[in-house]
Amino acid sequence: MNLYTRPNLNDIDHVRVEPVNARRNRQPLYAPRKKIFPKRAEGPFRRFKWVLMLLTLGTYYLAPWIRWDRGPYAPNQAILVDLASRRFFFFFIEIWPQEFYYVAGLLVMAGFGLFLLTAAVGRAWCGYACPQTVWVDLFLVVERAVEGDRNARMKLDADPFTFDKLRKRVIKHAIWLLIAIATGGAWIFYFADAPSLAASLFDGSAPAAAYATIATLTATTYVLGGLMREQTCTYMCPWPRIQGAMLDENSLVVTYNDWRGEQRSRHGKKAQGLPVGDCVDCNACVAVCPMGIDIRDGQQMECITCALCIDACGGVMDKLGKPHGLIAYATLKEYSSNMSLATDGGRTAIQPSNVRNDDGSFMPAVRNFDWRIIFRRRIVFYGVVWASIGVAMVVHLALRDRLRLNVIHDRNPQYVLESDGSIRNGYTLHVLNMVPKPRDVTITLVGLEGGTMRIPEFGRQDARSFTAHVEPDAATTLKVFVTRAPDGAEINEFLFVIEDIGQDAGQADRASYRAAFNAPGDVK
């Protein structure tokens, strides 16, 4: 077959579809929405999106129901944000309010993770894992199941209202509402025991905040995922505008390789003997795009790089007996090199003969994706920072203290001078037991030679050490009076030391607090 002779195109469906924001007809900053009817796509990227949708939605809806045994003194829900007791439980990890820096660390890791992902593979987050994308995909599944694929939905939308049209619309929107309600319901289960809260929701005894949260998330999920769809990404989300600053010439983005596709030819007979490219202008890439754009117009803010256009174009190339890659993930450096080759350094229009051999295969000079480009310095930097934060958090989490002590000195009076000349100071001790089991801890006075302490809760005995029982996952408050003998050394500071006596000496939790001791000469 002659290189420039088009094959039989009778098997190729040419879709009549107009992109919502074509290069030749740019819309203003905000324009009324044009309905988009995405066609179902088939291919590896679509299958990958199915898998991710199943994983993300399954995790979101089912995670609150996973149980994790922490003993009788802690909740058994694996993932729980316990607002009542101000705790965050994640399987074997328990985070207290004063340990919020772990949450801050996770947010920093999420930021660097997005930088890393964007610099490597462009807007992959938007195309595959963003909640908006995932729920829109789910809503489209329902829409196709009820109303049919693209042509059937377009016909139904144009038809006058009949009983059948009303029936389909009611079923579709009812299922959308059920999904939205389940979304809001799943969210609140992360903040309370899921089985108990579910029972109280149905019998009407749940807190008003629970019903308000479900109503709010139901409305937002239904409106954003079902009604606004692509407008949410275009007009409401700041991420498309931010990501442009994070891409470089080596970032992978979905690209129409016009150095291979141009000039387009819709009809084979008109292309006899003409230098035409591989694109047959079938519009399959536009028909499957959930954003309604034409990737052949180049990179656009609306593109979420879901790669469904790659699947659609790949199917057409199979029918034409040509290799995939007319639309593909490519870097700007790779694209620019191939475009320069096809146009003889920009001196001519695109010439297919510049990139192909006589047998139709691509010349060796045509650049293809090299996976080693992913491991460039920028990506390595992001990866090292991301991993370093994670390792530091894990190490700190493993070595953190689970027994803490806070001491407040009495302010009025700051000291008491007793009849025998001894001086007494009062303190309030807060012993924080950060494990979900009760413990016995020793409270010891270190320093302040000749000094003793008394804990009224334990009687009128004076000593330098006491044993106290502390509650699980709670702060135990004790009133302590420290007395310095008349002939004791004038020391202004000493230590309160607490230690868990129920553990091995080498592994015992221990905490201390340096406290001030006030005397007549110290107070002005």
Heavy-atom closest pair, residues Pro436 and Pro472: C-CB, 3.7 Å
Intermediate values then yes/no, side-chain contact (heavy atoms from CB on, under 4.5 Å), Lys168 and Leu156: CA-CA 9 Å; Lys168 290 181 178 180; Leu156 183 69; 4.1 Å; yes
Rounded distance (nearest 0.5 Å) linking atom NE2 of His173 with atom CD1 of Ile175: 11.0 Å
Contact check, side chains of Lys155 and Glu147, non-hydrogen atoms, under 4.5 Å: no
Heavy-atom check, side chain of Thr118 versus side chain of Trp239, under 4.5 Å: yes
Exam field: side chain Gln132 to backbone Leu224, donor-acceptor pair closer than 3.5 Å: yes
Lys39 atom NZ, over 12 foreign heavy atoms within 6.0 Å: no
Student check: side-chain heavy atoms of Phe189 and Leu201 closer than 4.5 Å: yes
Exercise: identify the closest heavy-atom pair between Tyr128 and Cys306: OH-O, 3.5 Å
Heavy-atom neighbours of Tyr73 OH exceed 12 at 6.0 Å: no
Which atom of Leu247 lies closest to which atom of Val253, heavy atoms considered: CD1-CG1, 4.3 Å
Salt-bridge criterion met for Glu99 and Arg400 (N-O under 4.0 Å): yes
Crowding at CZ, Phe163 (>12 non-hydrogen neighbours, <6.0 Å): no
Nearest-0.5 Å distance that lies between atom CG in Asn250 and atom CZ in Arg372: 13.0 Å
Electrostatic pair Arg296:Asp281 at N-O distance under 4.0 angstrom: yes
Polar side-chain atom of Thr213 near backbone of Ala209 as donor-acceptor pair, under 3.5 Å: yes
Ala475 backbone acceptor or donor facing His430 side chain under 3.5 Å: no
Check: Phe90 ring centre within less than 6.0 Å of Tyr102 ring centre: no
Test item: Tyr329 side-chain N/O and Thr305 main-chain N/O as donor-acceptor pair under 3.5 Å: yes
Shortest non-hydrogen separation from Ala210 to Ile188 and the atoms involved: CB-CD1, 4.0 Å
Residue pair Trp135, Ile179: steps toward the side-chain contact (heavy atoms from CB on, under 4.5 Å) verdict: CA-CA 9 Å; Trp135 264 276; Ile179 293 172; 4.1 Å; yes
Pairing of Lys165 and Asp159 as salt bridge, 4.0 angstrom limit: no
Arg153/Asp149 salt bridge by N-O under 4.0 Å criterion: yes
Criterion side-chain contact (heavy atoms from CB on, under 4.5 Å) on Leu114 and Met246, from CA distance to verdict: CA-CA 10 Å; Leu114 281 176; Met246 289 185 285; 6.0 Å; no
Mutual orientation of the aromatic rings belonging to Phe92 and Trp68 [parallel < 30°, tilted 30-60°, perpendicular > 60°]: tilted
Electrostatic pair Glu334-Arg367, nearest N-O below 4.0 angstrom: no
Note, Phe115 side chain near Val385 side chain (heavy atom, < 4.5 Å): no
Whether Asn338 side chain and Val366 backbone form a donor-acceptor pair below 3.5 Å: no
Sidechain-backbone polar pair: Tyr60 side chain, Thr183 backbone, donor-acceptor under 3.5 Å: yes
For the student: nearest non-hydrogen atoms of Ala284 and Ala312, plus distance: O-CB, 3.7 Å
No-hydrogen, no-angle side-chain donor-acceptor test under 3.5 Å, Ser205 and Asp203: yes
Rounded distance [0.5 Å steps], OH in Tyr235 versus CD in Glu230: 9.0 Å
Validation row: Ile295, Val254 side chains within 4.5 angstrom (heavy atoms): yes
Check: Gly261 main-chain N/O paired with Asp258 side-chain donor or acceptor under 3.5 Å: no
Note, Tyr256 side chain near Asp294 side chain (heavy atom, < 4.5 Å): no
Thr477 OG1 to Glu471 CD distance, which is reported to the nearest 0.5 Å: 11.5 Å
Mutual orientation of the aromatic rings belonging to Tyr222 and Trp176 [parallel < 30°, tilted 30-60°, perpendicular > 60°]: perpendicular
Rounded distance [0.5 Å steps], CE in Met339 versus CG in Asn257: 8.5 Å
Under 3.5 Å donor-acceptor, Arg87 side chain and Asp473 backbone: yes
Candidate pair Arg439 and Asp509, rule side-chain contact (heavy atoms from CB on, under 4.5 Å), full reasoning: CA-CA 11 Å; Arg439 296 202 277 185; Asp509 283 340; 2.8 Å; yes
Nearest non-hydrogen partners of Leu405 and Ala511, listed with the distance: N-CB, 4.1 Å
4.5 Å side-chain heavy-atom contact, Ser196 and Gln77: no
Tyr190 and Trp187 aromatic ring geometry - parallel, tilted or perpendicular at 30°/60° bounds: tilted
Sidechain-backbone polar pair: Asn433 side chain, Lys437 backbone, donor-acceptor under 3.5 Å: yes
4.5 Å side-chain heavy-atom contact, Val134 and Leu57: yes
Electrostatic pair Asp278:Arg260 at N-O distance under 4.0 angstrom: yes
SB check Arg169 Asp157 (cutoff 4.0 Å): yes
Centroid separation Phe45 to Phe48 less than 6.0 Å: no
Check: Arg510 side chain, Leu403 main-chain N or O, donor-acceptor pair, under 3.5 Å: no
Check ion pair Arg46-Asp137 (N to O, under 4.0 angstrom): yes
Electrostatic pair Arg402-Asp500, nearest N-O below 4.0 angstrom: no
Spacing of Phe89 atom CZ and Leu80 atom CG [to the nearest 0.5 Å]: 6.5 Å
